[in-house]
Amino acid sequence: MRTKIVAGNWKMNKTLPEAVALIEALKNNIQPDKTVEVIIAPAYVNLPKAVELLQDFPIAVSAQNMHFADHGAYTGEISADMLKAIGVDTVILGHSERRAYFNETDDVLQKKAQKAYEKNMTNIFCVGEQLEDRTKGRHFEVVKNQLSKALFDLPLQAYKKIVIAYEPVWAIGTGQTASPEQAQEMHRFIRETLAQKYGRDLANHVRILYGGSVKPANASEIFSQPDVDGGLIGGASLNAEDFNAIVTAAKS
Ligand code: 13P
């Protein structure tokens with residue numbers, strides 16, 4: 001049995017007072033239980049406060065990105081050690097918005113994934129095809145390439161701390177979700193790809209989240225697919241009631 005995960009990626013939303021209000025609302029709304037892990041990923045500047053407010057509450061705090069270097073002349077960047085020093089040991093890597101707007105290549109992501117492993121951080125690693133890839137029928141190939149280029153030189157034990165998030169780019173923020181069948185088909189493919197590389201046992205243990213316009217209305221159907229182990233939620237994670245409803249949908 002894989003414990004489901006519902007993670008909220010807040011992206012570039014919420015000032016500090018707004019973040020505090022949302023976290024307080026989540027604490028009033030959400031009743032985490034043993035069947036689902038809940039994670040939120042606020043902006044960097046709001047992470048210390050999020051950690052403080054959630055110290056005794058079972059919602060984990062994640063960063064949305066980090067640099068691969070330990071320190072140095074990388075103006076505007078944040079290192080793994082900086083995150084760990086404030087109590088954050090989870091990071092989202094390879095989000096399609098980072099790939100598209102900040103030129104994050106497979107090569108850079110390989111270094112970031114390596115750093116997350118070295119630093120014993122949980123790596124929520126995002127993959128997903130563009131609309132054109134899907135219409136041209138190359139979505140499996142694209143996702144396999146993203147996985148293998150960034151993750152497949154990591155040793156087997158690294159996967160204890162890797163969560164894959166399948167986020168088809170055409171479904172992000174568009175209100176258009178992958179159908180449950182499309183999600184299941186890709187999640188199964190990802191699991192098979194992991195099985196071929198690392199063996200069936202490992203593949204059966206890795207959590208694979210779906211992301212892309214998950215809402216309270218469609219969460220249950222998507223989460224009920226056998227290879228979907230929860231979700232990475234954007235827009236709907238900014239509203240406590242909606243996020244709570246999605247967490248509830250993941251409970252078993
Ligand atoms: P939306 O849920 O807003 O489509 O965003 C998904 C996402 O990108 C989460 O990382």
Side-chain angles (χ1 to χ4, degrees), residues 4-14 18-19 22 26 30 36-44 46-47 50 59-66 88 90-104 109 112-113 116 121-131 133-134 139 142-143 146-147 150 162-180 182-183 186-187 190 207-223 225 228-250:
K4 285 203 167 48
I5 296 175
V6 174
N9 176 7
W10 291 9
K11 307 190 180 182
M12 196 176 74
N13 292 292
K14 305 292 177 189
E18 291 166 350
L22 179 52
L26 290 176
I30 291 188
V36 54
E37 290 172 28
V38 182
I39 302 171
I40 57 167
Y44 285 135
N46 297 331
L47 289 174
I59 294 181
V61 178
S62 171
Q64 298 174 15
N65 179 35
M66 70 179 191
V88 173
T90 300
V91 63
I92 297 171
L93 293 177
H95 192 280
S96 61
E97 288 149 17
R98 301 285 329 161
R99 294 176 190 259
Y101 308 141
F102 303 97
N103 301 318
E104 291 204 6
L109 292 171
K112 292 188 176 196
M121 295 178 78
T122 298
N123 167 6
I124 303 176
F125 189 79
C126 304
V127 296
E129 80 283 0
Q130 312 267 350
L131 182 58
D133 299 321
R134 185 163 278 268
H139 42 297
V142 165
V143 168
Q146 290 171 335
L147 281 175
I162 291 176
V163 174
I164 310 282
Y166 169 57
E167 299 205 313
V169 177
W170 47 272
I172 295 178
T174 59
Q176 187 190 349
T177 40
S179 67
Q182 284 173 321
M186 182 60 86
H187 283 227
I190 291 170
R207 267 87 59 89
I208 307 174
L209 313 184
Y210 170 80
S213 299
V214 176
K215 307 288 176 204
N218 59 25
S220 299
E221 205 184 1
I222 295 172
F223 295 167
Q225 299 301 309
V228 176
D229 304 312
L232 182 55
I233 320 300
S237 72
L238 298 173
N239 176 291
E241 279 175 25
D242 286 353
F243 193 59
N244 181 35
I246 294 169
V247 170
T248 302

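No hydrogens, no waters, no symmetry mates; every other heavy atom, side chains included, goes into these values. Both counts, for ligands and for their atoms, begin at 1 and track the order of listing.
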Subject >> Under the ring pair (Phe, Tyr, Trp, His ring centres under 6.0 Å) test, residues paired with His187 that sit two or more places apart >> reply: Tyr166
**OP:** Determine whether the side chains of Gln64 and Trp10 contain a donor N or O and an acceptor N or O closer than 3.5 Å.
**Re:** no
Subject >> With Trp170, the side chain to side chain contact (heavy atoms under 4.5 Å, CB included) member among Glu129, His139, Gln130 >> reply: Glu129
**OP:** To the nearest 0.5 Å, tell me how far Leu26 CG sits from Asn239 CG.
**Re:** 9.0 Å
**OP:** Just jot down the side-chain contact (heavy atoms from CB on, under 4.5 Å) partners of Ser96, sequence neighbours excluded, or say none.
**Re:** Val169, Ile172
Original post:
Excluding sequence neighbours, so at least two apart, what forms side-chain contact (heavy atoms from CB on, under 4.5 Å) with Ala219?
Top reply: Val214, Phe223, Ile246, Ala249
N/O pairs closer than 3.5 Å, ligand 1 and protein:
{"from": "ligand 1", "atom 1": "2 (O)", "to": "Ser213", "atom 2": "N", "distance (Å)": "3.4"}
{"from": "ligand 1", "atom 1": "2 (O)", "to": "Gly234", "atom 2": "N", "distance (Å)": "2.9"}
{"from": "ligand 1", "atom 1": "3 (O)", "to": "Gly235", "atom 2": "N", "distance (Å)": "2.8"}
{"from": "ligand 1", "atom 1": "4 (O)", "to": "Gly173", "atom 2": "N", "distance (Å)": "2.6"}
{"from": "ligand 1", "atom 1": "4 (O)", "to": "Ser213", "atom 2": "N", "distance (Å)": "2.7"}
{"from": "ligand 1", "atom 1": "5 (O)", "to": "Lys11", "atom 2": "NZ", "distance (Å)": "3.3"}
{"from": "ligand 1", "atom 1": "8 (O)", "to": "Lys11", "atom 2": "NZ", "distance (Å)": "2.8"}
{"from": "ligand 1", "atom 1": "8 (O)", "to": "His95", "atom 2": "NE2", "distance (Å)": "2.8"}
{"from": "ligand 1", "atom 1": "8 (O)", "to": "Glu167", "atom 2": "OE1", "distance (Å)": "3.3"}
{"from": "ligand 1", "atom 1": "10 (O)", "to": "Asn9", "atom 2": "ND2", "distance (Å)": "3.0"}
{"from": "ligand 1", "atom 1": "10 (O)", "to": "His95", "atom 2": "NE2", "distance (Å)": "2.9"}
{"from": "ligand 1", "atom 1": "10 (O)", "to": "Glu167", "atom 2": "OE1", "distance (Å)": "3.2"}
{"from": "ligand 1", "atom 1": "10 (O)", "to": "Glu167", "atom 2": "OE2", "distance (Å)": "2.9"}

